[in-house]
Every structure is written in structure tokens, then in C-alpha cells.
Amino acid sequence: MTVYFQEQESAHYRFGDNDAEILKVLAQRYIGANPQAGFVYRTFHQSGVLQNKEGLFEIDLSQRFPSAKPGQWAYGAGVVWSDEERNLDIIIRCLGPVRFFFNGSLTYRSNVIDEMSPDASVKLNVTFTKGWNTLFIKMKHTPAGFGCLIGSDEAKVRILNVLAPFKERQGKAGWVFSAPVDKDVVPDETKLPDLFSFEKNSGLSWFPECQWNEEERKLPSLERMYGRQSGKLAFAWTRFRQHLAGSHPVNMVITSLGPITVWINGKETVKENKAGHYALELPLFNGVYDLLVKSICGEGVWEYTLTASIGGAPIDLYAPHQVHGSGDAAWLYVGPFQVEADPELSDLQRTDRLYATTREVKEKANYAYWRLDLPHAWIRPYYENSMLSNKWTVGTMTNYARWDYPLGVTIYGLLQTGRFLHRPDMIRYATEHVQACTDMFEYSLWDAEQYGFPAINQQLVMMKMLDNCGSFGSAMLEAYRECGDNAFLPVASRIADFMLNKLERREDGAFYRTCPGEYSADTMWADDLYMSTPFLRRYAEISGDARALDEAAKQFLRFRNYLFMPEQRIMSHVYDFKYGRATGIPWGRGNGWVLFSLTEVLEVLPETHEDRPALLEFFNELCEGYLVLQSDSGLWHQVLNASETYLEASCTAMFAYAFARGVRFSWLRESNRFAEAAILAWNGLSRIAIDRQGNVHGVCSGSRYAFHPEYYNEDLRTVTNDNHGIGIMMLAGTEVAKLKGYLSFD
């Protein structure tokens, strides 16, 4: 048996059978390790390199420089920060000759097949070191093409945030690329340009342009950003501090060539319907003040100036929101708006909103978002809390504000633990994680349209399979019961429409995965019962759409036809339609997802529902099958019927959860045996898998599939504090604790 820690380090040794204390340390460790660090805002120049629908950065220099000559060279560069060593697959698709340098070393040189097959992809496995990592590309122009596409494999999951190199661009997001040159300026490939020095030292001209040219600098700020648009309006937002103790007069001088309105901390201070010069004195107490200006373009120049001072000393204005790469820019701008579409003041001064620029909005292009007084420069939120976690080490970066499926069960576990322990702080943390995603839902759809691929909510926006939406969507609806946030409902409707109306199905209506061109094409996964049915059950409750609950019930019976192994009364992990058969490998967590999800549906399925008898029978069959495979330690094996495979914690937690609920809801025949098994499983987890600091061990990493058990045992090793196991550990603990109370009451 694998030993993750000494007996004295286990949760059971420290807390014994005090389930509440074990749950408390599990939840508190997770929250402490994942502080509420939301999105990072960066300057992004839309005239730079955009991503395509796959998430690949399109450095297509034939389009950028149509007059470029064959034989010319150009270069691309970016830097990536990593808090720890991480492994990532990089995809390159050549449009011509390409050489890719990672951290200064030649990592890939294209061949003629790569260069002449623009749809072919090359996959490179690279290791990002702790700290800064450099990416540099040499590209040569031929009649066949010029440039490349580059990015991470499965970009919506394995997020690769490339930042601009060079000191002049520090903090900006995105690749830079050079203008073509006749002669290779980097012939000695051991001496690449210093990406952390000044770009002028490279001897190249780099794009996108990040400063206004001389002619543009002569124009007023609003005019150079939006043009001269008579009758339209825009908002500018800044912030200042009255730094003296008590109340002091702040002198403000405004010159405007058109109508202007000024608010300070939401209070209208100036409103003038014509051009003019205005001076005012405002008694303000020590503190920070938001200053918002609405300017309307008249027939002349679109311009205003504003200065503030105390006792003759100028007050510095500064950006109202931290935006990396914005330099010393003090103002954010949004517009231009038709006068009739003047947004509500109460909705301004937020970065989680889009603003309709016309009264009637038919598409996302009719919305505006905050930008900077720089060429084609918008502020853009990024999820930068983690990249791909290393498979065999404890992750050190926060998961907060991320939308993905393992975090769905983590959020559910925190909600249930908070309820059980009467800890509103835990419930609030979980709901605020969800809100961090849903508050930006409309923005993230717009972001994808503007830039080709979203910088946040990638899986929700680029929704193509159940993994992308069902688990976190279910947790979102569970959180809705706590906070009643109506922003959750449009997201839920989008997910429900995908599942009920757009998802791939077999002829009998069973969900499956088409995944064209991938190894997993035409497969059905036991996991997908969890990725769909808990959400459908909750959506039916909240929306009143009984069709969703009916669909959830029927999916279990359909999946049973393909994956059930009747001799052992357990489930195969996958059915592969390419081979016309199930794999016959009962992966532990895949089976755990099935039983876990079945309890979620049975909990709300009406007694009179036509499928309830069949689902109760199926639940009992599965529980009987799993019960006989439980080890003496209380845990189940990674491959359930292969005792030579390691003991796995996440499937054990799911079986404990389901058994406890089955007893408590009186679904099980001979319930005493299952009550004992659930308690044995939880005791085993508290001795073997949960240490006294609340770390969770023995959880299998994310799985693909195979027709042999060796893959699951040898290739899928365990990960400490993997999100596939943390939430379900909390859920198992709460359910076993409830079971003990139920048995004591009886």
C-alpha cells in the first residue's frame, strides 16, 4: 500500500472521529492556498497579434506586410512568467520557414513538409522554468507564405499568457513582431536579442505600435482615439487623493470645447451645456475620490482639460484601476455613445460591464469597454492564477476566478461544508468564486469576438463538450441557492441550450463525444454523466423545465446499455464506437462520477417518475458491485477489479458519499452493510489520504482512456491537492457525518 505520510501526520491521528474538525481543516487549507486574487488587467493593443478559435496566436506576416519580398526575414517575440516549473505542449503551424527558440535555445526548425503543409501542426513539449521564460521566432518569407501560428495545445484549458518583451512594453499583453528586413539580423543564433532590454537596442522596428506618432500626439485625446464624431459622447474616469488631514479646499480648473459633466464620487459637480472655462473650489475631506467626466463632441474639436490642486500644489491623478503596461496613464475611457444610449451613472466605473453604444443593440460589436489613450489599446482582464499544473507536485498558484470542471466539485464541496459547519464565510468564498466568473460572462463573449479567443472564461465561451460547462454550471446553480444572483441565469440558459439542443448524441439519444481528428473521436465516457446530469437536475429545479430532469434520468439508462459490466455490476470507463465495444476497464473515478451523479438525480426525481424504479434498481446494482471490491483499508483501487493497482482517494470519496446518501434516503437494500462501508471508507481516507494540515493525497490525475489497466496504474499517477479530489473529499465527509447523525437518531 502506498504511504503518503506517517500515521502521526494523518487527519485521523490529530482529530480522531471528529468529522467537523477534519472538514474544517480541509476547507480552510483550500481557501488559504487559493486566496481571492481575481483577474489581472493588462494593456492590449488590438492591432497586435490575435488568436484564432483554437487559441493559436496568428503571426501571419503576409497579411501584415503584403509588400514584403521573398527572402526577407522577420521576428516574433514574447515572454511568459511562471511561478514554478511547468510542462506544456506548444503547437506550431508553419506558414513558411520557421525557427523557434525557447529560453534562448533552438527548440524547433521547420522542414519542407512543415512549411508546405499549412494545416499540419507540430507539437513541442517544453518545460517552463520558475520565473521569466523567453519565446523567440525567426521567420523567412517565401512565395508559399510568411510567419506561423503558435500557442498551447488545448488552449482553453492550458492557458498560455504571452506578455510583450522589452522595457518600453513592460506589463503589456501579447506578442511583438518586427518589420521585414532584407538581411538576417540574428545570424548567430547563440546571441538572440535581449528581450528584457530596450527594443531600440535590437536594431529592429517592432509592432504593434504602442505610442502615438507625432501627428497623432497633436490631436486632443478623445479625437485621436475616436475621431471627430459630432454629437456623440464619451466618458473618462480617473482618481485622486486628498492627502491632507481633515477638510481642505480642492481647486479644479476645467476647459471644455463642448458640453461637459463632471461627477466626484458619484455626485454631480459640474454640468455645462456649452463650451467654456470653469473654476471651482470644493471642500473635500482626506480620502480617495473617483472623478468621472462626460464629454460631448460638438461641431469643433473634441477636447477638454482638467487640473486639480490644493493650496497651489497640483494633485496627481492616477488610474482608477490597476492596468499593467499602461505606463503613467491616469485616465480610462469608454465610448463613443449615441446621446440616446447614455449609460446609467450607477453602472459606470466598473470593469465587469459592457456598455451599449446605441439604443438598439443587435450584436456585441455595438458595445464598448474601457480603453487607454494609446494606439488601439484596450484594458483586458486575464486569468493568470495558473498555467498547466505540474502532474507530480503540489500547485502553489491560486485557482480563484477560474471556470473549469474540477473546480465545480470543489465549489460544491465548499458550499456543503460551509452549510454543515454553519460557516457563512466558506459559503461566501465559494459563491464569490462563481460570481468572479459570471460577472464577466457578457464581457468574455465580447472579448472573444474582439480578439478571436477569450482571455477569461475560456471553457465557458468556447463551449464544445460537457467538460467545459456541466460541472461548474452545476456548482453555479448550487451557489445560486445561497446568493440568488440573477447573473447566473443567462449562463445557465446557455449551458442548458447546449446540452438539450446542440450536444452530440447517438441514435438512441445518448450523449457522446465526436471529437473529430482526435484519438478520442466517437467515444462515450462514464465521466460525462457527472458532466451533465447534476446540472440538468438543478436547472430543472430553478427553471421549472421538467424536460431537463427527464433528460438526466434517461441518460443513466442509455449509458448503462453501453458501459455496464453485468457480471461484476460495475461500469467500463469508455465505450469506443470506432471499435464497436467498451474498453472493459472500470476506472475508479469514472465509476465514482456515475454513482455520485445518480444520487444527485434520485434526490429530486419524483416518486411517480416513470424511470425511478429502473434508476433505483441500477443504483442498487452498482452499489452491490462496488461494495465487494472495497479493500480492507476502506479504499478502492484505481482500476476497481485490479487489486495490483494503487488505492485511489477520489473514487473512494465518491463511493462513501453515495453509500451514505443511499442509506440516509432509504434507497438501498440491506442498508447496514453500506453504512459500515461508507464509514470504513471515510476512516480510511482520514488515515491514508488526508493529512493533519488538510492536504489531500492519493488522487489520480486527469485521465484519458485505454483498453488496458496499465495506463491507469502506471501513467496516471497521484497528485497532491488535485482539484479532482478536494471537493469530493469534503462532500464525502459531510455525508458520512450526516449518516452518523441519522444512525444515532434511529
Side-chain angles (χ1 to χ4, degrees), residues 49-60 76 78-82 84-95 98-103 107-110 113-114 117-129 133-137 147-163 174-175 382-392 395 397 402-406 448 451-468 513-521 523 525 701-706 711 715-716 719 722-724:
V49 175
L50 305 183
Q51 290 172 273
N52 64 12
K53 298 298 183 184
E54 300 173 71
L56 298 180
F57 296 92
E58 295 186 309
I59 311 177
D60 187 344
V79 295
V80 175
W81 174 266
S82 182
E84 59 188 21
E85 185 174 290
R86 290 186 179 84
N87 196 258
L88 196 65
D89 287 335
I90 297 293
I91 299 293
I92 296 180
R93 197 169 294 158
C94 298
L95 303 176
V98 168
R99 295 189 183 191
F100 172 61
F101 300 81
F102 181 72
N103 284 338
T107 305
Y108 166 71
R109 177 181 179 274
S110 64
I113 297 175
D114 300 339
S117 306
D119 293 332
S121 296
V122 177
K123 184 182 293 188
L124 309 173
N125 187 262
V126 300
T127 299
F128 287 81
T129 59
N133 297 262
T134 61
L135 295 80
F136 187 81
I137 309 171
C148 69
L149 282 71
I150 185 170
S152 63
D153 190 23
E154 298 183 87
K156 66 184 177 185
V157 178
R158 293 165 176 83
I159 300 167
L160 178 63
N161 287 319
V162 178
L163 305 183
W175 290 82
Y382 287 84
Y383 177 77
E384 293 188 358
N385 290 336
S386 68
M387 284 171 44
L388 175 67
S389 59
N390 191 310
K391 286 186 177 180
W392 296 285
M397 303 182 76
R402 179 165 183 153
W403 176 292
D404 76 0
Y405 94 77
Y451 310 121
F453 193 83
I456 59 173
N457 286 345
Q458 289 89 346
Q459 295 187 55
L460 175 62
V461 175
M462 311 301 289
M463 188 163 50
K464 292 183 179 178
M465 57 195 306
L466 289 168
D467 280 20
N468 302 151
R513 307 184 185 192
T514 55
C515 302
E518 298 182 17
Y519 89 103
S520 56
T523 54
W525 298 50
S701 59
S703 174
R704 300 199 175 194
Y705 78 100
Y711 163 74
D715 292 359
L716 299 182
V719 182
D722 189 286
N723 284 315
H724 291 89

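Taking CD1 of Ile137 as the reference point, atom CD1 of Ile92 lies at 6.5 Å (rounded to 0.5 Å). Summarising the geometry, atom NE2 belonging to His724 is positioned 2.5 Å from atom OH belonging to Tyr405; distances are rounded to the nearest 0.5 Å. The CG atom of Asp119 sits 12.0 Å away from atom SG of Cys94, with the distance rounded to the nearest 0.5 Å. Atom CD of Glu154 and atom CD of Gln459 lie 9.5 Å apart (nearest 0.5 Å). We find the OG1-CZ distance between Thr127 and Arg86 to be 12.0 Å, quoted to the nearest 0.5 Å. Annotation: the span from Trp175 atom CH2 to Leu135 atom CG amounts to 4.5 Å, rounded to 0.5 Å.
Shortest non-hydrogen contact noted between Lys156 and Met462 is NZ-O, 3.2 Å. Here the closest heavy-atom approach between residue Leu88 and residue Ser152 is recorded as CD2-CB, 4.0 Å. Between Ala155 and Gly55, the shortest heavy-atom distance links the atoms CB-CA, 3.8 Å. Closest approach of Trp525 and Ser520 over heavy atoms only: CZ2-CB, 4.1 Å.
Aromatic pair Phe453/Phe57: ring centres not closer than 6.0 Å. Remark: aromatic rings of Tyr705 and Tyr519 are close, center separation under 6.0 Å.
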Start with the C-alpha gap between Arg402 and Asn723, add the side-chain angles, then the distance that decides, and say whether side chain to side chain contact (heavy atoms under 4.5 Å, CB included) holds.
CA-CA 12 Å; Arg402 179 165 183 153; Asn723 284 315; over 6 Å; no
Check the pair Ile90, Leu160 against side chain to side chain contact (heavy atoms under 4.5 Å, CB included), reporting the backbone distance first and the verdict last.
CA-CA 9 Å; Ile90 297 293; Leu160 178 63; 3.9 Å; yes
Evaluate the side chain to side chain contact (heavy atoms under 4.5 Å, CB included) criterion for residues Leu124 and Phe102: first the C-alpha distance (whole Å), next the side-chain angles of each, then the deciding distance (0.1 Å), finally the verdict.
CA-CA 11 Å; Leu124 309 173; Phe102 181 72; over 6 Å; no
Please test Cys148 against Phe100 for side chain to side chain contact (heavy atoms under 4.5 Å, CB included), starting from the C-alpha separation and ending with a verdict.
CA-CA 10 Å; Cys148 69; Phe100 172 61; over 6 Å; no
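For Arg93, the side chain to side chain donor-acceptor pair (under 3.5 Å) criterion is met by Glu54, Ser121, not counting sequence neighbours.
In this structure, Ser82 contributes its side chain and Phe128 its backbone to no donor-acceptor pair below 3.5 Å. Side-chain N or O atoms of Trp403 include one that pairs as donor or acceptor with a backbone N or O of Asn468 at under 3.5 Å. Looking only at distances, no side-chain donor or acceptor of Asn457 sits under 3.5 Å from a matching main-chain atom of Val461. Side chain of Tyr108 to backbone of Val98: no donor-acceptor contact under 3.5 angstrom is found. Between the side chain of Asn161 and the backbone N or O of Tyr383 there is at least one donor-acceptor pair closer than 3.5 Å.
Using a cutoff of 4.0 Å between basic side-chain nitrogens and carboxylate oxygens, Glu518 and Lys464 are not scored as salt-bridged. Using a 4.0 Å cut-off between charged side-chain N and carboxylate O, Arg513 and Asp467 make a salt bridge.
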